[in-house]
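Chain letters run A, B, ... following the sequence lines, proteins first, then strands; residues in each count from 1.
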Amino acid sequence: MYFRRSMRFADIDAKWQARWDSLEAYEVVEDPQRPKYYVLDMFPYPSGAGLHVGHPLGYIATDIIARYKRHQGYVVLHPMGFDSFGLPAEQYALRTGIHPAITTENNIARYTAQLKRIGLGYPWRRAVRTSDPSYYRWTQWIFLQLFSHWYDKKQQKARPISELEAIFARSGNIGVEAATSYEGIFDAATWAQWDWAQRQRVLLHYRLAYVQESLVNWCPALGTVLANEEVRDGLSERGGHPVYRIPMRQWFLRITAYADRLLAHLEELDWPEAIKEQQRYWIGRSEGAYIDFLAQTPTGQTARIRVFSTRPDTLWGATFLVLAPEHPLVETLTDAAQREAVAQYRQMAQNRLERDRLASSGKPTGVWLGTYAEHPYTGEKLPIYISDYVLMGYGTGAIMGVPAHDGRDWAFARHFGLPIRSILADVSVEGGAYESREGRLINSDFLTGLSVSEAIQVISQRLAMDGKGGPAVQYRLRDAVFSRQRYWGEPFPIVWRGDIPIPLSEDELPVELPPIEKYEPTGDGRSPLARLESWVKQADGTLRETDTMPGWAGSSWYFLRYTDPHNPHALADPEKLRYWLPVDLYVGGAEHAVGHLLYARFWTHFLYDIGISPVKEPFRKLVNQGMILGRSILIYKRKDAPTFVSADLIPESERSAYLPVRVEVSLVEDTQVDIEGFRRWMPEYKDAEFVRNAQGSFHGEPLIEKMSKSFHNVVTPDALCEQYGADAFRLYEMFLGPLTHTKPWDPRGIQGTYQFLRRLWRFLVGEEEGDEAPLQLSEAEPTSVELRLLHTLIKRVTEDIERLSLNTCVAHFMSFLNEMQRLGCRKRAIWKPFFVLLEPFAPHIACELWERSGESGFLWEMAWPEWSEEYLREETITYPVTINGKLRFHLEVAEETPLEEIQEKVRTDARLVKYLNGKVIQKIIVVPRKIINVVAV
RNA sequence: GCCGAGGUGGUGGAAUUGGUAGACACGCAGGACUUAAAAUCCUGUCGCCCGCAAGGGCGGUACGGGUUCGAGUCCCGUCCUCGGCACCA
């Protein structure tokens, strides 16, 4: 009986899901007459493992918001699609020879079925996938736009490269303030002399998409280059293979051009402070100054070493210079006697993995070049070192060592016996550097007597005046590597003529990814596409680019495509973009804090500059859903024998004699393990001995940890939906706790929401009714108590949805049902609005109850009920009375009783005397409708 | 080390601007129905103490201070957990 009845929820699910599909209930069309709401889930990568219960947490929340907003009259866009290019499908192809397109197709089908099973109301006709040529055609198009634009710092926007060519023809690059890696200066005459190839080489330094030879993270095992964020401790994040730094020609996007804007616009975003802070740090703006030091090379020439410092005021405290080992001047500045030692150090630094560098952090290393630089004002000789604590990629790759006021410099100076010289009055630098900016300068020529901030101003100006440097701003942010030597990604719309990249024209798009037979990397760093000569070699002698784009290419603009997903003529219709953007609510995991979210912002700013995106910032409000942790079960095996012992029989002191083994959670009921199931599941233990407890059962021990296949603690939504129905599953996901918190998945807990729906069903439909039994609601007038409970519910649920407190909404529904059961209320006037309130959370059962109660129309289109304060009012208010803050008794007064009268009632209350203990009442504080506090001394 | 979030019963959590701490559930215990189990229903469930009982007292939101008539909530200090970053000049 239990089994048959529980199946009914699954039947109801199927009925309504089929109906929504056939009605296309969740497709959406723009309506300029009504307000829009765009709610978005982070783009999933369709992995082979399918969804576990952690994934849909955010999807269910946004589905509830979307349905709620729809009831409120908004035109709601809540789309879903797939980020379907990526390494896992390619690595699967390497193992199996199955084309990534097929793997991806299968995985998407599985994901889609799982998402539909949960009753998520997506407009599936709008689904996009990044690996579809009709989609990546526009990813390639955006790349072409980046390639054909440069960033004008004066106008603070991207401009067409043709305008830059016109400027160069008119006046060279003098006066051009651009985001560029070009360092030379040329005039119009020089530009006119250059041939086409030379001009292209120069322009490439200005384009927002450009190529550059650079040190990259080369991972031989994956046969590919990794982004910095994909490398952890010198190992690849995926697979944990060693990574080496080698030079390679790479595509880059000039995100640094947008650093200032990406930083400044964070202010206006309704995002969690943690994410904003991470982006601020990632962009890492720091103000300071360039300072030029002159140095004599061993051959008697003069070299200029430019350093960057955020503390130019400490110039008189500098006692040495340090260059990054890769710094281009190291070669020329090295004295013959030091050549060997320097070469060795550079060799080591280059191949040294980050892992090793971290392991030895704290112990300074470095080598003196054997030469000196001259202090720009005192002329003092400062020794020049190289050390790997100075990074080539940040600032100028050179620093002045000020040991008195920088901790790392201090450690370095101590280690090499260099002088430590404070330039701040009354400061001790014996035990360590004084890094605070408090104090007055001493021994600093024209800076002496100034405060730190004054001195920074003065020296910065003075350096600029003297031609020895000047104020400067540096960013931690680097340009983003945009090349991947992989197959399963977007091909570049680029061909090469010699060393010059040439963009294809728009009408040649999309450049389709050709089929290949071997997925192995070529081993020399090029992508598998390089083997396809027929594809690479063009009739005109040019060669196709064989790199493909990284995973974040397609995901940096997908939210734009959803507004007009099948438009063959444009990225999207401008009208539709204007209607839908920005995204009003974006929900996803915090792991995308700096990667995806920064790139998507960058692309949107760029597309805004060139008139495509109507907004600069794509995501107005962002919410990070918390992780759902799994509950693993450990059972204990004797280390010395194939014997498992029930966990409750092992005292703490004997634990060390046992080895914990994780059991597949589906073989466990609470902590009790199905031994036969375990033997079948893990045949290597099929003959093991199991020691049961006195009750004859065998127990494991629970452990809360990340949900992962390797921990055997994965719970999938599919089985839960079959057993309890999609609605119980949805409610439980929400009931677990606040959306943003990390929380464990307790498999027993779903009983609670399941029980709630069963009680609701039994209360309204009845115990043993047949499948088609209608719902007999009473037409009687509701009482004031019933109305008060209903309107309280409306108010609570509405307010809680608004602040995304969905767990408390579920609790309110439960309390409401408890009350109605107690009152025996089955009145239509009460339950009809309830069904609307319930629909966003439990759409299947709500729709079924709505239909059975004889209501017409589609429940999901009904207006959201509004509460009315007049029903919330009670005739009497029960005040808690506290004496000096301690709760003593309750006092009931009529609603509109004046303050004085309430105070009088308290003062004369017989119960008061007993608690006063002879104390004298000082005053009586009445907080209207809340509390009464008697102050007595 | 730095940045961010957090610490409330056996468990997940609630308490929206300072106003009855522990809502709503899970689990557990006891009971009803049943030959029995499942399912369902009822009762209890922060700790300690007094009472046969109804009921009452004291303590309690990581720890130590403070502000306030009143603090889980605000302020100062300490400890712990989780997430992120890591030689950024």
Tell me which nucleotide, if any, is Watson-Crick or G-U wobble paired with [N] when both distances must be under 3.5 Å.
{"N": "B/A36", "answer": "none"}
{"N": "B/U73", "answer": "none"}
{"N": "B/G6", "answer": "B/C80"}
{"N": "B/C85", "answer": "B/G1"}
{"N": "B/A15", "answer": "none"}
{"N": "B/A29", "answer": "B/U43"}

If we take the [atom1] atom in both [N] and [M], what is their distance in whole Å?
{"N": "B/A86", "M": "B/C3", "atom1": "P", "value": "16 Å"}
{"N": "B/G13", "M": "B/G18", "atom1": "P", "value": "24 Å"}
{"N": "B/A89", "M": "B/C79", "atom1": "P", "value": "27 Å"}
{"N": "B/G72", "M": "B/U17", "atom1": "C1'", "value": "15 Å"}
{"N": "B/U73", "M": "B/A62", "atom1": "C1'", "value": "16 Å"}
{"N": "B/U45", "M": "B/U11", "atom1": "C1'", "value": "13 Å"}
{"N": "B/U20", "M": "B/A14", "atom1": "C1'", "value": "14 Å"}
{"N": "B/C58", "M": "B/G7", "atom1": "P", "value": "29 Å"}

In whole angstrom, what separates [X]'s [atom1] from [N]'s [atom2]?
{"X": "A/Leu739", "N": "B/G12", "atom1": "CG", "atom2": "P", "result": "18 Å"}
{"X": "A/Glu591", "N": "B/C85", "atom1": "CD", "atom2": "P", "result": "11 Å"}
{"X": "A/Tyr394", "N": "B/A86", "atom1": "OH", "atom2": "C1'", "result": "14 Å"}
{"X": "A/Arg280", "N": "B/A86", "atom1": "CZ", "atom2": "C1'", "result": "19 Å"}
{"X": "A/Arg911", "N": "B/G56", "atom1": "CZ", "atom2": "P", "result": "11 Å"}
{"X": "A/Arg437", "N": "B/A89", "atom1": "CZ", "atom2": "C1'", "result": "11 Å"}
{"X": "A/Gln903", "N": "B/C69", "atom1": "CD", "atom2": "P", "result": "16 Å"}
{"X": "A/Ile386", "N": "B/A89", "atom1": "CD1", "atom2": "C1'", "result": "17 Å"}

Checklist outcome for this item: Heavy-atom nearest nucleotide on RNA chain B taken for A/Asn884 and for A/Arg803; more 5' hit belongs to A/Arg803
Checklist entry - Mapping A/Met627 and A/Tyr475 to their closest nucleotides on RNA chain B, which lands nearer the 5' end? => result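 Residue closer to the 5' terminus by nearest nucleotide: A/Met627.
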Under 4.0 Å between a Lys/Arg side-chain N and an Asp/Glu carboxylate O for [X] and [Y]?
{"X": "A/Glu277", "Y": "A/Arg280", "answer": "yes"}
{"X": "A/Glu799", "Y": "A/Lys795", "answer": "yes"}
{"X": "A/Glu892", "Y": "A/Lys905", "answer": "no"}
{"X": "A/Arg306", "Y": "A/Asp292", "answer": "yes"}

Touch check for [X], heavy atoms < 4.0 angstrom, all strands: base, sugar-phosphate only, or nothing?
{"X": "A/Ser805", "value": "nothing"}
{"X": "A/Pro738", "value": "sugar-phosphate"}
{"X": "A/Glu273", "value": "nothing"}

Below 3.5 Å is the cut-off: list the nitrogen or oxygen pairs between protein and nucleotides 79-82 of chain B, distance only.
none

Side chain of [X], backbone of [Y]: donor and acceptor closer than 3.5 Å?
{"X": "A/Tyr389", "Y": "A/Phe412", "result": "no"}
{"X": "A/Thr882", "Y": "A/Ile932", "result": "yes"}
{"X": "A/Lys923", "Y": "A/Ala936", "result": "no"}
{"X": "A/Asn713", "Y": "A/Lys706", "result": "yes"}
{"X": "A/Asp727", "Y": "A/Ile845", "result": "yes"}

Checklist outcome for this item: d(A/Arg304 CZ, A/Phe293 CZ) to nearest 0.5 Å is 12.5 Å
Checklist entry - How would you list, by chain and number, every residue that makes a ring pair (Phe, Tyr, Trp, His ring centres under 6.0 Å) with A/Phe816, sequence neighbours excluded? => result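 Result, ring pair (Phe, Tyr, Trp, His ring centres under 6.0 Å) vs A/Phe816: A/Trp831, A/Phe834.
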Checklist entry - Mind checking what makes ring pair (Phe, Tyr, Trp, His ring centres under 6.0 Å) contact with A/Phe841, not counting sequence neighbours? => result A/Phe813
Item to check | For A/Arg888, all residues meeting side chain to side chain contact (heavy atoms under 4.5 Å, CB included), sequence neighbours excluded | outcome: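 Per chain and number, A/Arg888 pairs via side chain to side chain contact (heavy atoms under 4.5 Å, CB included) with A/Ile883, A/Lys886, A/Tyr915.
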Checklist entry - Does B/G9 adopt a syn or an anti glycosidic conformation, taking syn as a chi angle within 90° of 0? => result syn
Checklist entry - Among A/Tyr724, A/Tyr754, A/Trp745, whose ring pair (Phe, Tyr, Trp, His ring centres under 6.0 Å) with A/Tyr732 holds? => result A/Trp745
Could I get a table of every N or O pair under 3.5 Å where one atom is in the protein and the other is in nucleotides 19-29 of chain B?
from  : atom 1 : to       : atom 2 : distance (Å)
B/U20 : O2     : A/His890 : NE2    : 3.2
B/A25 : OP1    : A/Asn818 : ND2    : 3.0

Checklist entry - Does OP1 or OP2 of B/A89 have a side-chain N or O of A/Arg476 closer than 4.0 Å? => result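 Checking A/Arg476 against B/A89: no side-chain N or O falls below 4.0 Å of OP1 or OP2.
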Between the protein and nucleotides 57-59 of chain B, are there any N/O to N/O pairs under 3.5 Å, and if so, what are the atom names and distances?
from  : atom 1 : to       : atom 2 : distance (Å)
B/G57 : OP1    : A/Tyr915 : OH     : 3.3
B/C58 : OP2    : A/Arg888 : NH1    : 3.4
B/G59 : OP2    : A/Lys886 : NZ     : 3.2

